[in-house]
*Asks:* 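I have a structure I would like to understand better, so I am pasting it below and will then ask my questions one at a time.
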Amino acid sequence: MDDSLRGARIATFVYFSLCGTLMGTWVVNIPAVEERVGITHATLGGLLVLLGLGAFLGMQVAGPLTDRLGARVVVPATGVLCSAALVLPGLPRDPWTLAGALLLFGFCNGCLDVSMNAHAVHVEKAYGRPVMSAFHATFSVGGVLAALVGAATASAGLSPAAGMAAMGTLGIATALISARALLPTAPIAPKAQTEPVPAPERRGTGRRIWILAALALMVMLCEGAANDWSALHLKDVLGAPASTAAFAYGTFAATMTIGRLLADRLAARFGSMAILRYGATTAAVGITIVTVSPWIWAAFVGWALFGLGLSGCVPQLFSAAGHADPSAAGANVSRVAGLGYVGMLAGPAVIGWLTHLVALNHAFVLLILLCAITAVAAGILRTGSDRTPEPAASGR
């Protein structure tokens with residue numbers, strides 16, 4: 001295998017880990033920032049919407065920009081900007097300044113997210129086999145790293161701004177050092193195409209991208225709901241102590257990480273459609289167990305199956321979007337990731353709204369339906385345009 005390709009894959013792992021670490025650093029500092037600014041949980045919830053809005057806007061900007069300038073330029077630039085912006089939420093002492101800081105940090109994070117996923121598509125195409133899920137697993141590992149570092153800086157008595165500045169500085173260095181290993185992907189301008197793509201084919205690709213985006217919204221809505229409601233389910237519905245309930249999310253996150261580490265090999269053997277279909281089906285079974293079971297141990301099993309089933313779904317959707325039209329990989333990934341991110345943010349709110357009408361576990365019926373729809377619609381990945389494997393170097 002070509003050393004440059006292996007180096008590009010390692011660099012992509014680094015950027016995914018960096019993105020997860022930067023976001024995780026903000027998450028672990030949320031309680032300290034909330035206390036510093038002096039705001040309520042409700043106000044913080046409103047401000048977090050601005051973080052999501054900024055990320056969505058950043059995704060829409062970075063996608064076409066990556067297609068135009070190339071991932072080798074955009075990925076390290078957005079890595080530096082996101083690392084530098086990390087310190088901003090740690091500085092404000094009033095809600096308005098914090099709002100601006102979160103909007104800007106979210107924008108930079110969205111730019112990094114889409115550009116690194118676009119580069120991951122190029123790496124996967126060069127490998128000629130699925131490698132996307134492992135990159136997403138590394139993002140989760142970055143979040144774990146952030147939690148460990150955040151605990152260390154807090155115990156050392158560092159302020160949120162100091163800890164976030166230190167992590168941001170390390171992030172800038174990491175983004176710059178890893179830049180040279182990225183693939184020298186050059187933009188493919190429409191004018192350079194020897195044969196113009198027929199309008200019906202372009203429209204067909206566009207429709208497929210929006211279907212993939214809708215599926216990403218449903219899958220990521222389920223993931224967002226698990227992030228915020230899994231522990232509360234054990235505590236409020238099953239009466240588990242807070243110390244036990246906390247392991248519900250830990251179980252979900254652990255099986256999701258393990259599943260993403262395994263999904264590439266399974267996708268190479270059985271295909272991306274199978275990963276999406278059977279993954280969504282497994283997730284539906286898992287959340288059904290959570291919904292109906294009165295036992296705590298069964299709820300842990302349900303959340304574990306839910307995380308395992310969802311683990312490979314989003315990487316397959318991102319990969320399919322990127323491979324649908326390599327000349328517009330960044331723009332297509334930005335559409336799928338952007339709508340998926342809306343689902344991630346909407347999930348907790350939608351479940352919260354439903355709890356005004358039904359019990360929390362009954363609200364999870366929505367998640368069952370979304371997983372079932374995803375499993376039925378997985379045939380969208382059946383066509384060969386999702387991935388166009390190319391022979392790797394002869395030494396593979």
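The structure displayed is predicted, hence computed values, not measured ones. Sequence positions, counted from 1, serve as the residue numbers for this chain.
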*Asks:* Between Thr255 and Ala304, is there a donor-acceptor pair closer than 3.5 Å when you use the side chain of the first and the backbone of the second?
*Replies:*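 A pair under 3.5 Å: yes.
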*Asks:* Just do the side chain to side chain contact (heavy atoms under 4.5 Å, CB included) check on Leu266 and Ile275 with the steps written out, would you?
*Replies:* CA-CA 7 Å; Leu266 295 175; Ile275 298 299; 3.5 Å; yes
*Asks:* Within the distance-only criterion (no hydrogens, no angle test), does the side chain of Arg129 pair as donor or acceptor with the backbone N or O of Ala268 below 3.5 angstrom?
*Replies:*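 Checking the backbone N and O of Ala268 against the side chain of Arg129, no donor-acceptor pair under 3.5 Å is found.
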*Asks:* Per the side-chain contact (heavy atoms from CB on, under 4.5 Å) rule, which among Val33, Leu102, Thr97 passes with Pro92?
*Replies:*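 Output: one option passes, namely Thr97.
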*Asks:* Is a donor on one side and an acceptor on the other found under 3.5 Å between the side chain of Ser115 and the backbone of Leu112?
*Replies:*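 Indeed, once roles are kept as given, a pair shorter than 3.5 Å links the two residues.
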*Asks:* Do Leu98 and Met23 share a hydrophobic cluster, counting only Ile, Leu, Val, Met, Phe, Trp and Tyr and linking them when any side-chain heavy atoms are less than 4.5 Å apart?
*Replies:*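 As far as the 4.5 Å side-chain criterion goes, Met23 and Leu98 are connected within one cluster.
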*Asks:* Strictly by modelled atom types, are Asn109 and Asp113 linked by a side-chain donor-acceptor pair under 3.5 Å?
*Replies:*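 No.
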*Asks:* What's the shortest heavy-atom distance between Ser178 and Val14, and which atoms?
*Replies:*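 Closest pair (atom of Ser178, atom of Val14, distance): OG-CG1, 3.3 Å.
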*Asks:* Say you draw a straight line from CG of Leu104 to CG of Leu86; how long is it, rounded to the nearest 0.5 Å?
*Replies:*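 Rounded to the nearest 0.5 Å, the CG-CG separation comes to 11.5 Å.
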*Asks:* If I compare all heavy atoms of Leu238 with all of Ala299, which pair ends up nearest, and what's the gap?
*Replies:*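 Reported closest heavy-atom pair: CD1-CB, 3.6 Å.
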*Asks:* How close do Thr374 and Leu215 get, heavy atom to heavy atom, and via which atoms?
*Replies:*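 Looks like CA-CD2, 4.0 Å.
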*Asks:* Out of the candidates Gln316, Arg265, Arg260, only one should pair with Ser133 under the side-chain hydrogen bond (donor to acceptor under 3.5 Å, both in side chains) rule; please name it.
*Replies:*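 In the set Gln316, Arg265, Arg260, the residue that makes a side-chain hydrogen bond (donor to acceptor under 3.5 Å, both in side chains) with Ser133 is Gln316.
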*Asks:* Give, for atom CE of Met116 and atom OG1 of Thr12, the distance between the pair rounded to the nearest 0.5 Å.
*Replies:*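 One finds 10.0 Å between CE of Met116 and OG1 of Thr12.
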*Asks:* For His323 and Asn332, test the side chains for any donor-to-acceptor distance below 3.5 angstrom and give the result as yes or no.
*Replies:*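 His323 vs Asn332: no donor-acceptor pair found between side chains.
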*Asks:* Considering non-hydrogen atoms only, spot the tightest contact between Leu381 and Arg208 and give its length.
*Replies:*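 Nearest heavy atoms, Leu381 then Arg208: CA-NH2, 4.5 Å.
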*Asks:* Of all heavy-atom pairs between Leu234 and Ala248, which one has the smallest distance, and what is that distance?
*Replies:*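 For Leu234 and Ala248, the tightest heavy-atom pair comes out as CD1-CB, 3.9 Å.
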*Asks:* Tell me whether Thr21 contacts the main-chain N or O of Gly142 through its side chain, where contact means a donor paired with an acceptor under 3.5 Å.
*Replies:*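 Checking the backbone N and O of Gly142 against the side chain of Thr21, a donor-acceptor pair under 3.5 Å is found.
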*Asks:* Contact between Ile351 and Leu367 at the side-chain level, heavy atoms closer than 4.5 Å - yes or no?
*Replies:*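 The answer is yes; the side chains approach within 4.5 Å.
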*Asks:* Rounded at 0.5 Å granularity, tell me how far CD1 in Ile289 sits from CD1 in Ile368.
*Replies:*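 Output value for this atom pair is 10.0 Å.
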*Asks:* Does Pro315 offer a backbone N or O that forms a donor-acceptor pair with the side chain of Ser319 under 3.5 Å?
*Replies:*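 Flag not set: sc Ser319 to bb Pro315 has no pair under 3.5 Å.
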*Asks:* Yes or no on side chain to side chain contact (heavy atoms under 4.5 Å, CB included) for Leu183 and Arg72, after CA distance, side-chain angles and deciding distance?
*Replies:* CA-CA 6 Å; Leu183 291 178; Arg72 194 174 195 177; over 6 Å; no
*Asks:* If you compare all heavy atoms of Thr66 against all heavy atoms of Ala62, which two are closest, and at what distance to 0.1 Å?
*Replies:*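 Heavy-atom minimum between the residues: OG1-O, 2.7 Å.
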*Asks:* I need the full list of ring-ring contact (aromatic ring centres under 6.0 Å, His included) pairs touching residues 334-380, with sequence neighbours left out, sorted by first then second residue.
*Replies:*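 As it turns out, the ring-ring contact (aromatic ring centres under 6.0 Å, His included) pairs with a partner in residues 334-380, which skip direct neighbours, are His233-Phe364, Trp303-Phe364.
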*Asks:* Check the pair Asn117 / Met132 against side chain to side chain contact (heavy atoms under 4.5 Å, CB included), numbers first and verdict last.
*Replies:* CA-CA 8 Å; Asn117 270 287; Met132 180 68 80; 3.9 Å; yes
*Asks:* For the pair Cys222 and Phe306, evaluate side chain to side chain contact (heavy atoms under 4.5 Å, CB included) and give the outcome as yes or no after the intermediate values.
*Replies:* CA-CA 9 Å; Cys222 292; Phe306 195 50; 3.6 Å; yes
*Asks:* Among residues at least two apart in sequence or on other chains, which ones pass side-chain contact (heavy atoms from CB on, under 4.5 Å) with Val301?
*Replies:*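 Listed in chain order: Trp297, Leu305.
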*Asks:* Is there a ring pair (Phe, Tyr, Trp, His ring centres under 6.0 Å) between Phe135 and Phe16 once you walk through the steps?
*Replies:* CA-CA 6 Å; Phe135 293 139; Phe16 269 79; 5.5 Å; yes
*Asks:* With distance as the sole criterion, is a donor-acceptor pair present between the side chains of Thr138 and Ser17 under 3.5 Å?
*Replies:*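 There is no such pair (donor and acceptor under 3.5 Å, judged by atom type) between the side chains of Thr138 and Ser17.
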